[in-house]
Amino acid sequence: MKNRLLRRARLATRIREFMAANGVLEVVTPVLSAAAVTDPQIESFASQSPWGTRYLRTSPEFAHKRLLSQGAPDLFEMGPVFRQAECGNRHNPEFTLLEWYRLGYSMQQLIDEVIELLRRVDCVSEQAPVEQLRYFDAFERVLGFSVTSLSTQELSDVARQVDGPVGELDRDQWLDFLFATRVQPTLTDRTVVITHYPASQAALAKLDAMAPDTALRFEVFVRGLELANGFEELTCAVEQRARFDNDNALRVKRGQSALPIDERFLTSLDTLPPCAGVALGIDRLLMLLDDCTTIDEVLTFGWHHI
């Protein structure tokens, strides 16, 4: 246990040294909010209070962008976040997230900085190449054909040919399933950055003006483990509200509850400067550094021990 605590503390120190050297300010933001994330792939914990329902944050993203819109400089935070229905070898419902934002950065500039940080903390060696691959090109490399023009039924047929039936899913769920079962297992021997996710999975990212069916979103995989998720950030409140409304409609269609939209965050987008931001899982980073196969091996107390 002592060594585990020391490794986590040393990693936190090295990250703070990296951020300080790059002029990124550490901030602390609330873990409870009156609004929630509407993304159908994520479930928030809710708590009742005398002032109404409050939700534990799944990321500090909304708070960080509100600070940036009020004139804050480049910033980062390293702290706990919470997500329901995520518990397993690579997931714990409470985990530690490092999130940072860079004003004026493009997606590519932030990708370069994420790799620089991973090299600085010895997760990726200086000599190891880092592959960068567009989302749909990754599918084509593995499957041998393009999935961009396939219908939802054709996507489900591709999945069921190899993996058997898994129920009725929508198009993005089938893409997620195929990515997790066919693409991700081929990434286990290197560091790969997947970019240009489908516009339907843009979340809070800008669409690519050169390819508007894709978003300026990236994910970093190290030895097959998803480690970071970043965006060149959308700054249009009208478009973001439409995405939140679409999320809630999809949640209801899937049998989930619609969630309160963060109006303060939407208002802040009117003055949010161009920027890029990324979230990186600290517990997964420790798994890679310590060559662990389960997240419990790096946690102080795992979900089943609290």
Side-chain angles (χ1 to χ4, degrees), residues 1-19 26 28 31 37 39 41-45 56-61 76-100 111 113-131 176-177 179-194 218-230 278-306:
M1 174 57 76
K2 181 180 178 181
N3 288 337
R4 183 185 303 182
L5 296 175
L6 286 172
R7 286 194 291 271
R8 181 177 286 268
R10 286 169 181 160
L11 175 62
T13 298
R14 295 181 76 178
I15 288 171
R16 288 190 166 97
E17 289 173 348
F18 177 88
M19 294 299 174
E26 183 167 12
V28 176
V31 298
V37 169
D39 188 331
Q41 309 295 338
I42 297 174
E43 284 296 343
S44 302
F45 285 95
L56 282 167
R57 68 182 181 184
T58 60
S59 146
E61 181 165 9
F76 82 98
E77 185 168 7
M78 189 160 39
V81 297
F82 308 84
R83 300 184 185 185
Q84 281 201 57
E86 295 187 18
C87 193
N89 288 341
R90 296 179 172 188
H91 297 277
N92 196 66
E94 178 181 351
F95 58 100
T96 303
L97 200 64
L98 166 66
E99 185 144 345
W100 78 98
I111 289 171
E113 188 164 75
V114 171
I115 299 303
E116 183 185 350
L117 172 63
L118 294 179
R119 287 185 164 143
R120 192 70 59 85
V121 299
D122 300 322
C123 179
V124 175
S125 77
E126 293 288 345
Q127 295 74 32
V130 175
E131 185 179 11
D176 286 346
F177 177 82
F179 190 91
T181 59
R182 305 296 302 279
V183 177
Q184 195 167 343
T186 69
L187 309 179
T188 56
D189 59 346
R190 61 200 190 280
T191 299
V192 183
V193 182
I194 303 292
F218 68 92
E219 292 191 353
V220 179
F221 294 82
V222 179
R223 301 200 295 275
L225 188 62
E226 179 195 337
L227 195 59
N229 181 24
V278 63
L280 188 154
I282 292 297
D283 309 297
R284 289 188 174 187
L285 178 53
L286 282 165
M287 287 176 65
L288 289 165
L289 291 172
D290 291 349
D291 201 23
C292 296
T293 56
T294 67
I295 197 168
D296 268 2
E297 295 174 73
V298 301
L299 295 173
T300 308
F301 299 106
W303 189 248
H304 300 295
H305 301 279
I306 56 175

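By the 4.5 Å heavy-atom criterion applied to side chains, I194 and F179 are counted as neighbours. At a threshold of 4.5 Å between non-hydrogen side-chain atoms, the residues I15 and I282 count as touching. A heavy-atom distance below 4.5 Å is found between the side chains of V193 and I115. Side chains of R182 and F177 form no contact here, defined as non-hydrogen atoms less than 4.5 Å apart. Looking at heavy atoms from C-beta onward, L299 lies out of side-chain contact with F95 at the 4.5 angstrom threshold. Taking the side chain as every heavy atom from C-beta outward, D176 and Q41 approach each other to under 4.5 Å. Under the 4.5 Å side-chain criterion, counting only non-hydrogen atoms from C-beta, P60 is in contact with V81. No side-chain heavy atom of R223 sits less than 4.5 Å from a side-chain heavy atom of L225.
D283 pairs with exactly one of I295, N92, L97, D296 by the side chain to side chain contact (heavy atoms under 4.5 Å, CB included) rule, that one being I295. The side chain to side chain contact (heavy atoms under 4.5 Å, CB included) with C292 is formed by just one residue from the set R284, R4, E297; it is E297.
Taken to the nearest 0.5 Å, the CZ atom of R10 stands 11.0 Å off from the CG atom of L5. Here L285 contributes atom CG and L98 contributes atom CG; the two are 9.0 Å apart, rounded to the nearest 0.5 Å. The structure places OG1 of T13 at 12.5 Å from CZ of R8, a figure rounded to the nearest 0.5 Å. L286 CG to D291 CG: the interatomic distance, rounded to the nearest 0.5 Å, is 13.0 Å.
For the residue pair V183 and L187, the shortest heavy atom distance occurs at O-CG, 3.6 Å. Closest non-hydrogen pair, M78 versus T96, comes out as CG-CG2, 4.2 Å. For the pair C123 and V222, the tightest heavy-atom approach, listed with the atom from each and the gap, is SG-CG1, 4.1 Å. Between T58 and F82, the shortest heavy-atom distance links the atoms CG2-O, 3.2 Å. Taking all atoms of both residues into account, the shortest heavy-atom contact from A180 to P185 is O-CD, 3.3 Å.
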L118/L280 under side chain to side chain contact (heavy atoms under 4.5 Å, CB included): CA gap, chis, key distance, verdict: CA-CA 10 Å; L118 294 179; L280 188 154; 4.1 Å; yes
Pair E131-T191, side-chain hydrogen bond (donor to acceptor under 3.5 Å, both in side chains): steps then yes or no: CA-CA 6 Å; E131 185 179 11; T191 299; over 6 Å; no
Audit row: W100, E77, side-chain hydrogen bond (donor to acceptor under 3.5 Å, both in side chains) steps and yes/no: CA-CA 7 Å; W100 78 98; E77 185 168 7; over 6 Å; no
Residues V278, N229; criterion side chain to side chain contact (heavy atoms under 4.5 Å, CB included); working and verdict: CA-CA 6 Å; V278 63; N229 181 24; 5.8 Å; no
Salt bridge (Lys or Arg N to Asp or Glu O under 4.0 Å) assessment of D290 paired with R7: CA-CA 9 Å; D290 291 349; R7 286 194 291 271; 2.6 Å; yes
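Distance alone, capped at 3.5 Å, is enough to place a donor-acceptor pair between the R57 side chain and the P80 backbone. When atom types are taken as modelled, the side chain of E99 and the backbone of F76 share no donor-acceptor pair closer than 3.5 angstrom. A donor-acceptor pair under 3.5 Å is formed between the side chain of R119 and the backbone N or O of A128. Of the possible polar contacts, one joining the R14 side chain to the R120 backbone as a donor-acceptor pair under 3.5 Å is found.
With hydrogens and angles left out, the side-chain atoms of S44 and Q84 include no donor and acceptor closer than 3.5 Å.
Relative orientation of the F45 and W303 rings is tilted, given thresholds of 30° and 60° on the angle between their planes.
With respect to the salt-bridge test (charged N to carboxylate O, under 4.0 angstrom), the residues E43 and R83 do not qualify.
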